[in-house]
Participant: 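Take this structure first; my questions come after.
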Amino acid sequence: MFFTFFKIGLFTLGGGYAMIPLIEKEVVDNHKWMTREELLDVIAIAQSCPGVFAINVSTFVGYKLRKTRGAIYTSLGTALPSFIIILLIAMFFRQFQDNPVVAAMFRGIRPAVVALIAVPTFNMARNARVRWANCWIPVACALAIWAFGVSPIAIILIAGVCGWLYGRYIKPTEQ
């Protein structure tokens, strides 16, 4: 588990959301430690918890597999590559920060990171059964955060209450 998550942490640029395709491939497809639905639930819980998203996901996966010991191994495996890379960059960045080649590389990486974040977003939407009839919900939430400065925490709480109300009062009458 440690080496699986170390590899994920080592070869992922763009943060936790960019890790989702690799985590899904390793956890669901290669090792079959979880189903896609279980991983989607873990991602939803990890998003609503404080802390670093990638660490939260790896902690939940590790805990499911081997309880506390698994959570520690997967969390360390995820965090250690970033820690080592950032430490090395901090040691040598001043020497290269004004180098036009390094600046050009960072300009080239930015669009790739956007794509790495977009792909898992669409995959999660498909796995969460977001369809044309209900796609207005994530769009409205994103607009509320971006355009009106609504706190993401408020969005999560409101969505949770609405989901509970829907499941409690509306969905039973639809069946």
Side-chain angles (χ1 to χ4, degrees), residues 1-130 138 141-142 145 152-153 155-156 159-160:
M1 290 185 316
F2 173 84
F3 291 112
T4 297
F5 278 89
F6 188 88
K7 178 176 69 172
I8 291 168
L10 186 62
F11 292 109
T12 305
L13 296 173
Y17 292 101
M19 289 181 168
I20 293 173
L22 289 174
I23 292 172
E24 182 178 8
K25 183 175 180 1
E26 290 293 330
V27 170
V28 175
D29 299 333
N30 293 352
H31 296 288
K32 302 198 184 330
W33 289 333
M34 292 181 152
T35 65
R36 275 186 173 62
E37 291 75 24
E38 289 174 321
L39 183 61
L40 184 62
D41 290 342
V42 163
I43 289 168
I45 293 168
Q47 287 175 321
S48 64
C49 292
V52 179
F53 174 71
I55 301 296
N56 290 347
V57 171
S58 63
T59 301
F60 288 128
V61 171
Y63 189 81
K64 181 188 184 298
L65 298 175
R66 299 278 188 271
K67 301 295 179 210
T68 302
R69 185 174 288 192
I72 291 169
Y73 290 154
T74 54
S75 298
L76 285 175
T78 302
L80 202 54
S82 297
F83 176 77
I84 293 168
I85 291 167
I86 289 170
L87 185 62
L88 291 172
I89 289 172
M91 291 170 54
F92 300 108
F93 185 69
R94 290 210 183 266
Q95 299 169 2
F96 300 104
Q97 69 184 12
D98 296 325
N99 185 319
V101 173
V102 172
M105 287 173 53
F106 279 112
R107 281 192 305 274
I109 289 172
R110 286 183 193 129
V113 169
V114 171
L116 289 171
I117 294 170
V119 168
T121 300
F122 290 116
N123 288 338
M124 283 191 310
R126 184 179 60 235
N127 291 337
R129 295 176 185 86
V130 174
C141 292
I145 293 168
I153 295 169
I155 297 290
I156 292 169

Participant: What verdict does the side chain to side chain donor-acceptor pair (under 3.5 Å) test give for Thr74 and Ser58, after you've listed the backbone C-alpha separation in whole Å, the side-chain angles of each residue and the deciding distance to 0.1 Å?
Facilitator: CA-CA 5 Å; Thr74 54; Ser58 63; 4.6 Å; no
Participant: Hey, what do you get for CG (Leu76) to CZ (Phe83), rounding to the nearest 0.5 Å?
Facilitator: 11.5 Å
Participant: First locate atom CZ of Phe5, then atom CG of Leu10, and finally report the distance between them rounded to the nearest 0.5 Å.
Facilitator: 14.5 Å
Participant: Search all heavy atoms of Ile55 against all heavy atoms of Ser75 and return the closest pair with its distance.
Facilitator: CD1-O, 3.7 Å
Participant: Hey, could you give me each pair passing ring-ring contact (aromatic ring centres under 6.0 Å, His included) that has a residue in residues 47-77? Not counting sequence neighbours.
Facilitator: Tyr17-Phe53
Participant: Can you find a heavy atom in the side chain of Asn123 that is under 4.5 Å from one in the side chain of Ile20?
Facilitator: no
Participant: With rounding to the nearest 0.5 Å, note down the distance linking CD1 in Ile72 to CE in Met1.
Facilitator: 10.0 Å
Participant: Just how far is it from atom CD1 of Ile8 to atom OG1 of Thr78, taken to the nearest 0.5 Å?
Facilitator: 6.5 Å
Participant: Any side-chain heavy atom of Thr35 within less than 4.5 Å of one from Val28?
Facilitator: no
Participant: Of all heavy-atom pairs between Gly108 and Pro111, which one has the smallest distance, and what is that distance?
Facilitator: O-CD, 3.3 Å
Participant: Which value, rounded to the nearest 0.5 Å, describes the distance between Asn56 atom CG and Cys49 atom SG?
Facilitator: 5.5 Å
Participant: Is there a side-chain contact between Val113 and Ile109 in this structure, where contact means two heavy atoms from C-beta onward sitting under 4.5 Å apart?
Facilitator: yes
Participant: Which heavy atom of Met19 sits nearest a heavy atom of Gly9, and at what distance?
Facilitator: CE-CA, 3.6 Å
Participant: Would you list the pairs meeting ring-ring contact (aromatic ring centres under 6.0 Å, His included) in which at least one residue belongs to residues 27-49, sequence neighbours left out?
Facilitator: His31-Trp33
Participant: Return the CG to NZ distance between Leu39 and Lys64, rounded to the nearest 0.5 Å.
Facilitator: 10.5 Å
Participant: Is a side-chain donor or acceptor of Ser48 paired with a backbone partner of Ile45 at a separation under 3.5 angstrom?
Facilitator: yes
Participant: According to the salt bridge (Lys or Arg N to Asp or Glu O under 4.0 Å) rule, which pairs have a member within residues 16-32, sequence neighbours left out?
Facilitator: Lys7-Glu26, Glu24-Arg36, Asp29-Arg36
Participant: Please check if the number of heavy atoms outside Ile153 that lie under 6.0 Å from its CD1 is greater than 12.
Facilitator: no
